[in-house]
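Predicted model only: the values in this text are computed from it and were never measured.
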Amino acid sequence: MYAAIEKLKSLLTSRSPKYSAVGREDSDSRMSNVWRTLLEYVWDISDGDTQFKQAVHDYATAGMGYFYSYIDPEADYGRGEVKITYIDPFRVYVDPASRNRYFDDASGMVLSTILTEDQLVNLYPQVEEHLGDIEAHSQEDDYPSSTRRNSSNSFTPDSVYNRNLHSLDKYRILERFTKVKVPFYRMFNKEDGQEAILNEEQYAQFIEQNKLLLEAGLIEAIQVGQTRIKVSATVGDVLLYESILNTDIYPIVPVPNIWTGTPFPKSDISKVKDSQRLLNKLFSLTLSHAQSSAGLKLLVPEGSIDDMAQLEQDWAKPNAVIPYNPEFGAPHFPAPQSLSGEFYNMIGRIEHYIDLSFGIPELLQGFKDGAPETVRGTAMLSEMGESRGKAKLRDIEGSLNRIGKCLYNLAKGHYSYQKTFRIVQPNNDMTEFTVNTMYDDRAQEVEAISNDITIGNYDVRMISGSTLPSNRVAEYNMYLEAYKLNLVDDVEVLKKTEIFDKEGVLKRKGQMAQLQNHIKQLEEQLKKVSGDLQTSERELVHSNKRVETQKFKTKLDAVVSGAKYNAKSSLDKLGHVLDTEEAILKSDKSRMEKV
């Protein structure tokens with residue numbers, strides 16, 4: 001039974017519950033997100049996972065678990081924090097005439113707390129002077145006494161830690177929660193049609209500031225009564241404190257198991273305790289049979305053994321030689337009958353019935369017996385096996401919804417000042433936001449109130465199936481296939497992995513993507529520069545060729561010019577020679593003619 005309870009607790013508390021706040025209008029979507037984060041913050045600072053597990057333990061064993069939402073006045077350096085805890089079911093006293101599952105119709109609830117004198121004075125110093133008038137509590141605690149005793153009187157640390165070794169006086173603190181009607185005023189402005197809800201203090205201030213409008217009949221005021229929870233704490237005849245909580249539901253939220261229509265539901269143990277007793281009896285018979293088989297009884301004919309004491313010593317030795325007189329008969333021992341296979345099958349069936357009663361078949365415990373060979377078939381059977389656990393989860397979700405609404409009511413009245421909330425997520429990222437910011441970021445004036453959680457109404461609900469375990473491998477494979485089909489991005493796939501620093505991975509992945517884009521840009525730029533360089537080299541080669549050609553042309557022109565000059569000089573010389581020869585011929589001709 002204990003193994004079944006632990007497995008049930010592990011199934012129902014596998015993951016932390018997720019709250020969702022739904023706004024009454026479309027414009028409330030941003031504030032809805034703020035409320036969701038605020039509820040996660042309250043769960044985080046209250047160590048909600050531990051409180052949730054203990055409440056589920058009481059739900060399975062005692063038939064009733066309790067959540068308790070309260071305001072811790074010492075937290076946050078005296079500003080207080082809204083928190084949640086579990087309460088032992090034996091400390092809560094409920095109106096027995098209540099017939100509502102969550103005790104909405106109860107006339108009141110009482111929370112009992114038994115403290116020693118030192119603890120009482122430490123929590124409430126003002127009660128020290130009245131201790132002489134307060135009668136000490138006679139009982140040890142609020143737990144009922146057991147009429148069944150199956151153990152010896154022994155003293156162990158777990159049984160003597162709470163004993164009054166020094167006759168310490170104990171006192172019982174009773175916190176009474178009752179419903180009262182608190183007056184509110186609904187104000188309606190006939191000029192602009194605006195409506196506002198004011199409490200008594202706000203209504204008194206409003207009357208002082210708007211007397212003329214009220215006398216003129218421009219503003220209509222209607223008094224309405226709203227249900228609120230009043231808490232009064234007493235020890236003996238001394239009143240410790242008294243206040244009215246800003247919530248219309250009891251801050252003590254029950255988690256009933258098998259509802260009986262009364263404040264006294266049944267537990268899963270009540271269904272299987274007879275099976276557990278039968279199982280214990282079968283184990284006892286098995287052990288008795290094993291003892292009989294290990295220590296066989298020896299039947300000795302009278303007179304065949306001279307020393308019976310020596311026989312008892314030798315019988316315990318494995319290789320003993322025992323003399324006897326065969327005239328009186330041979331000693332023999334009766335062998336016990338072996339247990340039938342049906343006996344052991346009955347043990348297995350009872351264990352299976354206990355697991356089935358708790359809604360945890362063997363497949364959910366990781367046993368492969370009877371599991372199909374295919375992964376898909378195993379996943380389908382596992383999902384079908386969780387249907388019983390989902391039915392129990394629906395009962396617990398109803399209580400989680402109510403504790404979320406109570407936290408919402410208390411936080412709405414308590415966090416009326418500017419406060420920054422920080423939540424560290426399991427994947428090492430942090431969510432941070434500030435509520436009731438009174439200054440505009442740009443104008444630095446009192447123009448807008450950002451995230452004012454004291455106004456508006458929101459519906460708080462649980463996200464279904466939030467705490468049940470999931471087949472991480474199958475879920476990851478499903479997202480991986482969707483990623484391959486381009487249905488989701490890689491961020492969604494990464495969320496389904498067991499990587500711790502998801503935020504760091506995404507950041508580094510983003511940096512790698514940026515570097516890859518930068519590298520591509522550099523490669524493109526390099527290609528462009530390389531092309532420009534090749535073009536420049538080609539132009540340089542052509543330019544060099546043009547220069548060489550020009551130089552050759554210049555040299556050729558010089559050669560041609562020199563050749564022309566030499567040819568011209570030669571022609572000039574030849575012409576001069578011809579002229580000289582012509583002159584000589586002319587002179588010779590003239591002489592010849594004269595002759």
Side-chain angles (χ1 to χ4, degrees), residues 15 18 26 29-30 32-34 36-37 40 374-376 379 420-434 437 439-444 448 450-451 463 470-568:
R15 292 184 291 178
K18 298 295 182 182
D26 295 337
S29 59
R30 181 179 178 184
S32 299
N33 186 34
V34 171
R36 178 177 59 83
T37 311
E40 291 181 0
T374 61
V375 177
R376 184 176 180 84
T420 301
F421 297 89
R422 294 181 179 88
I423 301 177
V424 179
Q425 303 293 341
N427 57 355
N428 205 26
D429 60 344
M430 177 177 290
T431 300
E432 178 177 335
F433 66 94
T434 303
T437 305
Y439 292 91
D440 185 73
D441 294 336
R442 296 183 179 180
Q444 295 296 324
S450 176
N451 296 339
I463 300 176
S470 60
N471 193 328
R472 293 172 295 180
V473 176
E475 191 175 5
Y476 172 73
N477 291 332
M478 181 187 68
Y479 273 82
L480 187 60
E481 291 296 330
Y483 172 71
K484 292 179 181 179
L485 296 175
N486 293 326
L487 299 178
V488 297
D489 55 1
D490 53 350
V491 178
E492 290 296 326
V493 179
L494 184 62
K495 291 179 181 179
K496 301 302 176 182
T497 62
E498 293 298 321
I499 299 176
F500 177 73
D501 191 11
K502 294 183 177 64
E503 185 180 9
V505 172
L506 291 175
K507 184 177 180 180
R508 291 190 295 271
K509 185 176 175 59
Q511 292 177 353
M512 291 176 62
Q514 293 178 359
L515 292 175
Q516 289 177 356
N517 293 332
H518 186 60
I519 291 174
K520 289 182 179 179
Q521 294 177 0
L522 292 178
E523 289 178 350
E524 293 177 357
Q525 187 175 2
L526 181 60
K527 290 180 181 179
K528 182 178 179 181
V529 171
S530 300
D532 295 341
L533 181 60
Q534 291 178 358
T535 303
S536 300
E537 289 178 351
R538 288 194 296 268
E539 291 179 354
L540 180 60
V541 171
H542 291 307
S543 178
N544 292 335
K545 290 181 179 181
R546 287 195 298 268
V547 171
E548 293 294 333
T549 303
Q550 188 66 32
K551 288 182 180 180
F552 179 76
K553 286 183 178 180
T554 303
K555 292 180 180 180
L556 184 59
D557 291 340
V559 172
V560 170
S561 299
K564 288 181 178 180
Y565 178 77
N566 293 333
K568 186 178 180 181

Nearest 0.5 Å, please: how far is [atom2] in [Y] from [atom1] in [X]?
X      : Y      : atom1 : atom2 : result
Ile519 : Leu526 : CD1   : CG    : 12.5 Å
Thr549 : Asn544 : OG1   : CG    : 10.5 Å
Leu533 : Arg538 : CG    : CZ    : 10.0 Å
Lys553 : Gln550 : NZ    : CD    : 6.0 Å
Glu524 : Lys520 : CD    : NZ    : 8.5 Å
Gln525 : Ser530 : CD    : OG    : 10.5 Å

(request) Mind checking side chain to side chain donor-acceptor pair (under 3.5 Å) for Arg546 and listing every partner two or more places apart, or none if nothing turns up? (result) none
(message) Checking the side chain of Ser543 only, and the main-chain atoms of Glu539 only, is there a donor and an acceptor separated by less than 3.5 Å?
(response)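 Checking the backbone N and O of Glu539 against the side chain of Ser543, no donor-acceptor pair under 3.5 Å is found.
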